[in-house]
Amino acid sequence: MTYENIVVEYSVQGVGVVKLNQPRTFNALSGPMMDEIMAALEAMDADQAIRCMVLTGTNRVFAAGADIKEMSEASPAEMINKAFIARWDRLRHLNKPLIAAVSGYALGGGCELAMACDMIVASESAVFGQPEINLGVMPGAGGTQRLIRTVGKALAMEMCLNDRRLTAIEAERVGLVNKVFPVESYLQEAINLAAQIAARAPLAIRLIKETVNMALETPLSAGLAYERNNFYMLFSTQDQKEGMAAFLDKRSADWKGE
Ligand code: CAA
């Protein structure tokens, strides 16, 4: 498939990189842009050669939110029929880990897109915010729900109600961002992190992602039961036998993903 709004790269280390590439519109997340992002990520998710994915933008902007031009005259029916936000839900069904590498603006849908990833690596210039209130609307792709689970109610309220923006350092301090690097190296650092994860036991990685995310959906007792069952289930894999044998033999494990 050829893409007009994104650039797709595959590394030899099992890492797939999707780069948002419409700097003229500050990577506004139009319908076609979101369709391409989802198609590329889903293709990587289905590709045996890829084990971890990175979603990034330019150094100046990760994404400045949903495309305001596209939606300014829309009716609710058009938003529903075009699946304006519904297509974003497909992000939740990716099995492989997805790391956002964020530099510059991550605003509105851009902040929500980063938060829908499993981890965020940021450059020192990254800015996170939910400025939808300035447009007379509110976050619609997860901002109110994911911020409160990450940065807590007080800051989530301030960000959504009063366009409080977080610098990269603030975002790291409150737990929104995993690590901050200089602009020159943040993308390579995100790819390095992805390569480390890509080199690990694939089935365990898949179940860890699923189980950590399940914690957001369940009460503790159900989450603990889900975790225990997945832990026991991994004892049916060759990788569990190999991993434990390698530890006892004092050698590196050779993961098969089986
Ligand atoms: N949609 C469409 N176009 C956008 C855009 C967006 N979200 N953000 C920026 N652009 C376009 C501008 O219209 C402008 O285009 P032209 O050159 O054709 O006029 C170009 O990108 C550059 O923008 P600015 O001139 O404003 O550049 P700046 O450096 O002064 O400011 C900015 C950059 C702070 C990102 C500013 O553009 C801005 O505030 N953008 C809007 C951010 C926003 O409100 N996002 C929320 C969108 S709603 C949403 O996301 C809902 C949801 O929950 C899914």
Side-chain angles (χ1 to χ4, degrees), residues 3-7 18-39 41 55-94 98 100-117 120 122-151 153 155-168 170-171 176-177 183 186 216:
Y3 299 107
E4 289 176 6
N5 299 285
I6 62 171
V7 175
V18 174
K19 180 179 178 188
L20 282 57
N21 193 36
Q22 282 293 356
R24 205 176 36 80
T25 58
F26 275 53
N27 286 337
L29 299 166
S30 63
M33 168 81 98
M34 282 308 298
D35 284 340
E36 289 190 8
I37 293 170
M38 289 317 312
L41 290 175
L55 182 61
T56 194
T58 65
N59 288 349
R60 188 159 179 227
V61 60
F62 177 69
D67 190 326
I68 298 169
K69 280 194 194 104
E70 191 180 49
M71 65 185 160
S72 63
E73 300 295 332
S75 69
E78 283 162 359
M79 300 286 267
I80 293 167
N81 287 333
K82 281 203 283 188
F84 196 81
I85 302 290
R87 56 163 75 76
W88 294 55
D89 280 344
R90 285 157 57 190
L91 281 163
R92 293 172 57 217
H93 302 294
L94 297 171
L98 173 61
V102 176
S103 187
Y105 296 112
L107 298 179
C111 185
E112 292 168 309
L113 185 61
M115 288 194 290
C117 298
I120 304 178
S123 89
E124 286 164 348
S125 76
V127 179
F128 297 86
Q130 299 289 162
E132 289 88 347
I133 188 63
N134 300 333
L135 303 169
V137 289
M138 60 180 284
T144 59
Q145 304 304 298
R146 289 203 172 94
L147 273 177
I148 196 168
R149 287 165 165 82
T150 312
V151 307
K153 180 180 166 186
L155 198 46
M157 283 288 188
E158 197 180 351
M159 289 176 73
C160 297
L161 290 174
N162 202 31
D163 190 16
R164 160 81 188 276
R165 299 188 186 182
L166 301 183
T167 63
E170 285 175 317
L176 184 64
V177 157
V183 177
Y186 78 99
L216 297 171

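Both counts, for ligands and for their atoms, begin at 1 and track the order of listing. Note that the numbering runs from 1 along the sequence shown for the chain.
The presence of a protein heavy atom under 4.0 Å from atom 48 (S) of ligand 1 is confirmed. Within a 4.0 Å radius of atom 34 (C) of ligand 1, the protein contributes at least one heavy atom. The nearest protein heavy atom to atom 12 (C) of ligand 1 is not closer than 4.0 Å. Not a single protein heavy atom sits closer than 4.0 Å to atom 26 (O) of ligand 1. For atom 21 (O) of ligand 1, the nearest protein heavy atom lies under 4.0 Å away. Atom 29 (O) of ligand 1 is flagged as protein-proximal [any protein heavy atom, distance under 4.0 Å].
A heavy-atom distance below 4.5 Å is found between the side chains of Leu176 and Met115. Using a 4.5 Å heavy-atom cutoff, the side chains of Leu113 and Trp88 are in contact. Two residues are said to be in side-chain contact when any heavy atoms from C-beta on lie closer than 4.5 Å; Asn27 and Tyr105 fail this criterion. Residues Glu112 and Pro139 are in side-chain contact: their nearest non-hydrogen atoms beyond the backbone lie under 4.5 Å apart. In this structure, the side chains of Ile68 and Met71 come closer than 4.5 Å at one or more pairs of heavy atoms.
For ligand 1, the atoms lying closer than 4.0 Å to a non-hydrogen atom of Asp67 are 1 (N), 2 (C). Each of the following atoms of ligand 1 lies closer than 4.0 Å to a heavy atom of Gly140: 52 (C), 53 (O). Near Ala141, meaning under 4.0 Å from one of its heavy atoms, ligand 1 places the atoms 53 (O), 54 (C). Those atoms of ligand 1 with a heavy atom of Leu135 less than 4.0 angstrom away are 44 (O), 47 (C), 48 (S). Contact atoms of ligand 1 toward Ala28: 1 (N), 2 (C), 6 (C) (distance under 4.0 Å to a heavy atom of the residue). If you number the atoms of ligand 1 from 1 as listed, the ones under 4.0 Å from a heavy atom of Glu132 come out as 48 (S), 49 (C), 50 (O), 51 (C), 52 (C), 53 (O). Close approach of ligand 1 to Pro131 is summarised as follows: ligand atoms under 4.0 Å from at least one heavy atom of the residue are 43 (C), 44 (O), 45 (N).
Distance alone, capped at 3.5 Å, is enough to place a donor-acceptor pair between the Glu70 side chain and the Gly31 backbone. For the pair Asp67 (side chain) and Leu29 (backbone), a donor-acceptor distance under 3.5 Å is absent. Judged by distance alone, with hydrogens and angles left aside, the side-chain atoms of Glu36 form no donor-acceptor pair with the main-chain N or O of Tyr3 at under 3.5 Å. Between the side chain of Gln22 and the main chain of Asn5, no donor-acceptor pair closer than 3.5 Å is present.
Of the protein's heavy atoms, Phe26 CD2, 4.8 Å lies nearest to atom 37 (O) of ligand 1. Atom 53 (O) of ligand 1 has as its closest protein heavy atom Glu112 OE1, 2.6 Å. Looking only at protein heavy atoms, the nearest one to atom 16 (P) of ligand 1 is Lys69 NZ, 4.7 Å.
Taking NZ of Lys153 as the start and CG of Leu155 as the end, the distance is 13.0 Å to the nearest 0.5 Å. The CG atom of Leu55 sits 8.5 Å away from the CD1 atom of Ile6 when rounded to the nearest 0.5 Å.
For Ser30, there are no side-chain hydrogen bond (donor to acceptor under 3.5 Å, both in side chains) partners, not counting sequence neighbours.
Each side chain to side chain donor-acceptor pair (under 3.5 Å) pair with one or both residues in residues 125-148, not counting sequence neighbours, appears once here: Ser103-Ser125, Ser123-Ser125, Gln130-Glu132, Asn134-Asp163.
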Could you walk me through whether Phe26 and Arg60 pass the side-chain contact (heavy atoms from CB on, under 4.5 Å) check?
CA-CA 8 Å; Phe26 275 53; Arg60 188 159 179 227; 3.7 Å; yes
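In terms of polar-atom proximity, Tyr105 is not counted as a contact of ligand 1, lacking any N or O under 3.5 Å from an N or O of the ligand. By the 3.5 Å distance cut-off applied to N or O atoms, Trp88 is not counted among the residues near ligand 1. Between Leu107 and ligand 1, a contact under 3.5 Å exists for no N or O pair.
Between Arg24 and ligand 1 there is a heavy-atom distance shorter than 4.0 Å. Under a 4.0 Å heavy-atom criterion, Ile85 is in contact with ligand 1. Under a 4.0 angstrom heavy-atom cut-off, Asn134 registers as lying outside contact with ligand 1. Contact analysis puts Met71 in contact with ligand 1, with a non-hydrogen atom separation below 4.0 angstrom. Not a single heavy atom of Gly143 sits under 4.0 Å from any atom of ligand 1.
Surrounding CE of Met157 are at most 12 heavy atoms belonging to other residues, nucleotides or ligands under 6.0 Å away.
Evaluated by nearest non-hydrogen atom to atom 45 (N) of ligand 1, the leading choice among Pro139, Ala64, Gly108, Pro23 is Ala64. Among Thr25, Ile68, Thr144, the residue whose heavy atom lies nearest to atom 41 (C) of ligand 1 is Ile68.
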